[in-house]
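These notes are about the structure you will find just below.
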Amino acid sequence: MDLWNSIKNKRFSPVYLLYGEEEYFIKKTKSLICEHALPGDEAEFNLATIDLEETPVELAIEELETLPFIGERRVVILHNPAFLTAERKKEKVDHDLKRLESYLANPSPSSIAIFIAPYPKLDERKKITKELKRNAAVLEAKPLYEKELAKWITANAKSLGVRITPEAVETLLSLTGNHLMMAAGELEKLALYATVEQEIDKEMVNKLVPKSFDQNVFDLVDYIMNGQKKEAIQLYKELLILKEEPIRLLAAIARQYRIILQVKKLSGQGYNAQQIASKLKMSPYPVKLALKRVNDFTEMKLMRALSELAELD
């Protein structure tokens, strides 16, 4: 990624805008900036974190205009700039956006501002959004589709000095529920384990990577739908031992039935997996799993199951 290469080479922008729903890319970029802009113990003196839901932006600008102490730069991380979105909820504080516009036009050369906006979209009609995008280095952190995730894992394994087989990639994604943050963390652990053989295979992944909550719920729903009572009860007991709340499990099971019903209806209308995922605003992975199930049940049977789950709730 060009932005990451610039940061590693200490070619910093005075302002960064990191927005989108993929938490991994936002956290990784923020960490790289802090690591390379504030070496050694400098973060102790020159790093500030501000929540813009609680603090006016003009106070954040005062932080940015403060000279660094025992170091070359200050880094100020600004979370939750909801004024960049179209949300109409009443904000707790009033922001002087004119003051922010003035700062963006002439930012402090000794400070780095990192705006972190974990929103799927920004309001492109707003002047402040346009000004920030014009004056900042921008990262749009979009969730990756399954094929993109597989390519990313393969490339990242190579950067960690190991190989990973296609079967291992598929298994890793299934166990982490296609969550990039989880997959990246597990891949780092697998790379450490694989240093002798220099290859991560499917057996290694199954041995070392725990199942995510979503994956356990998928398995539980599969057992229920297949009438495998013994396996369903055993997995349910294991989840209780792991301190999962029964009410959370019930809600997750109902969600899976609801997804299967929605996917069944949309696939019947001719939508493909990617279109369904976009329409339902969810990761392609649960859609892919649901598509395997849609022909096993009628809409009536799925609706009856949802009704029984609601009654149980």
Side-chain angles (χ1 to χ4, degrees), residues 2-141:
D2 290 341
L3 183 62
W4 290 358
N5 289 333
S6 295
I7 294 167
K8 290 174 183 177
N9 290 319
K10 296 186 180 293
R11 297 195 301 271
F12 301 111
S13 169
V15 183
Y16 289 88
L17 170 59
L18 316 179
Y19 78 97
E21 295 179 291
E22 184 46 76
E23 182 185 12
Y24 174 80
F25 290 126
I26 289 177
K27 282 193 170 184
K28 179 71 173 178
T29 306
K30 180 188 73 172
S31 296
L32 283 173
I33 295 170
C34 292
E35 176 188 344
H36 291 277
L38 301 173
D41 297 328
E42 288 187 25
E44 185 177 347
F45 306 103
N46 292 316
L47 176 64
T49 300
I50 294 172
D51 185 348
L52 292 173
E53 288 186 345
E54 305 287 343
T55 305
V57 73
E58 53 269 29
L59 293 184
I61 292 170
E62 288 181 15
E63 285 280 355
L64 288 163
E65 291 177 336
T66 301
L67 291 173
F69 179 73
I70 314 178
E72 291 184 38
R73 303 176 189 85
R74 283 180 60 75
V75 173
V76 180
I77 302 170
L78 303 105
H79 289 278
N80 304 315
F83 50 76
L84 298 175
T85 73
E87 292 182 15
R88 297 187 180 277
K89 69 177 183 180
K90 185 172 176 57
E91 295 184 11
K92 296 179 183 178
V93 296
D94 293 322
H95 296 288
D96 186 350
L97 298 182
K98 292 288 184 185
R99 178 83 173 85
L100 177 56
E101 288 172 17
S102 297
Y103 180 82
L104 292 173
N106 187 28
S108 169
S110 60
S111 291
I112 296 174
I114 308 174
F115 287 85
I116 295 183
Y119 316 117
K121 290 183 179 179
L122 303 182
D123 190 343
E124 304 288 347
R125 299 167 297 178
K126 289 185 175 181
K127 183 179 179 182
I128 188 59
T129 304
K130 294 175 182 176
E131 289 300 311
L132 186 52
K133 280 196 160 186
R134 182 181 298 119
N135 292 282
V138 180
L139 171 76
E140 183 179 3

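Just so we're clear, the structure is a prediction, and the values are computed from it rather than from any experiment.
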Check the pair Ser111, Val76 against side-chain contact (heavy atoms from CB on, under 4.5 Å), reporting the backbone distance first and the verdict last. CA-CA 7 Å; Ser111 291; Val76 180; 5.6 Å; no
Might you work through the side-chain contact (heavy atoms from CB on, under 4.5 Å) test for Phe12 and Ile7, ending with a clear yes or no? CA-CA 6 Å; Phe12 301 111; Ile7 294 167; 4.0 Å; yes
Evaluate the criterion side-chain contact (heavy atoms from CB on, under 4.5 Å) for residue pair Leu59 and Ile50; output intermediate values, then yes/no. CA-CA 9 Å; Leu59 293 184; Ile50 294 172; over 6 Å; no
Run the side-chain contact (heavy atoms from CB on, under 4.5 Å) test on Leu47 and Ile77 for me, step by step, so that the C-alpha distance in whole Å, both residues' side-chain angles and the decisive distance to 0.1 Å come before the verdict. CA-CA 8 Å; Leu47 176 64; Ile77 302 170; 3.9 Å; yes
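At most 12 heavy atoms of other shown residues, nucleotides or ligands fall within 6.0 angstrom of atom CG in Asp41. Other residues, nucleotides and ligands place no more than 12 heavy atoms under 6.0 Å from the CG atom of Asp2.
Side-chain atoms of Leu17 and Lys133, non-hydrogen and from C-beta on, do get closer than 4.5 Å to each other. At a threshold of 4.5 Å between non-hydrogen side-chain atoms, the residues His79 and Glu54 do not count as touching.
Residue pairs meeting the ring pair (Phe, Tyr, Trp, His ring centres under 6.0 Å) criterion with at least one member in residues 101-120, sequence neighbours excluded, do not occur. Listed by first and then second residue, the salt bridge (Lys or Arg N to Asp or Glu O under 4.0 Å) pairs that reach into residues 67-86 are Glu63-Arg74, sequence neighbours excluded.
Here the NZ atom belonging to Lys10 is positioned 12.5 Å from the CD1 atom belonging to Ile33, to the nearest 0.5 angstrom. In this structure, CZ on Phe45 lies 5.0 Å from CD1 on Ile70, to the nearest 0.5 angstrom. The CD atom of Glu21 sits 10.0 Å away from the NZ atom of Lys121 when rounded to the nearest 0.5 Å. The CD atom of Glu62 lies 10.5 Å from the CG atom of Leu64; values are rounded to the nearest 0.5 Å. With values rounded to the nearest 0.5 angstrom, Lys30 atom NZ is found 13.0 Å from Leu139 atom CG. A distance of 9.5 Å separates OG in Ser102 from CD in Glu131, rounded to the nearest 0.5 Å.
The nearest pair of heavy atoms linking Leu84 to Leu132 is CD1-CD2, 3.6 Å. The two residues Val93 and Pro56 come nearest to each other via the heavy atoms CG2-N, 4.2 Å. Nearest approach of Leu18 to Ile26, heavy atoms of both residues: CD1-O, 3.8 Å. Nearest heavy atom pair, residue Pro107 against residue Pro14, reads CG-CG, 3.7 Å. Among all heavy-atom pairs drawn from Leu3 and Thr29, the shortest one is CD2-CG2, 4.1 Å. Scanning both residues, Glu101 and Ile128, for their nearest heavy atoms gives CG-CD1, 3.7 Å.
Between the Lys126 side chain and the Thr85 main chain, a donor and an acceptor come within less than 3.5 Å of each other. Side chain of Asp51 to backbone of Glu53: a donor-acceptor contact under 3.5 angstrom is found. A donor-acceptor pair under 3.5 Å is formed between the side chain of His95 and the backbone N or O of Leu52.
Ring orientation note: the planes of Tyr24 and Trp4 are nearly perpendicular, at an angle over 60° on the 30°/60° scale.
With salt bridges taken as basic N to acidic carboxylate O contacts below 4.0 Å, one links Asp123 and Arg125.
Considering only residues two or more places apart in sequence or on other chains, Glu42 meets the side chain to side chain contact (heavy atoms under 4.5 Å, CB included) condition with Leu38, Pro39, Asn46.
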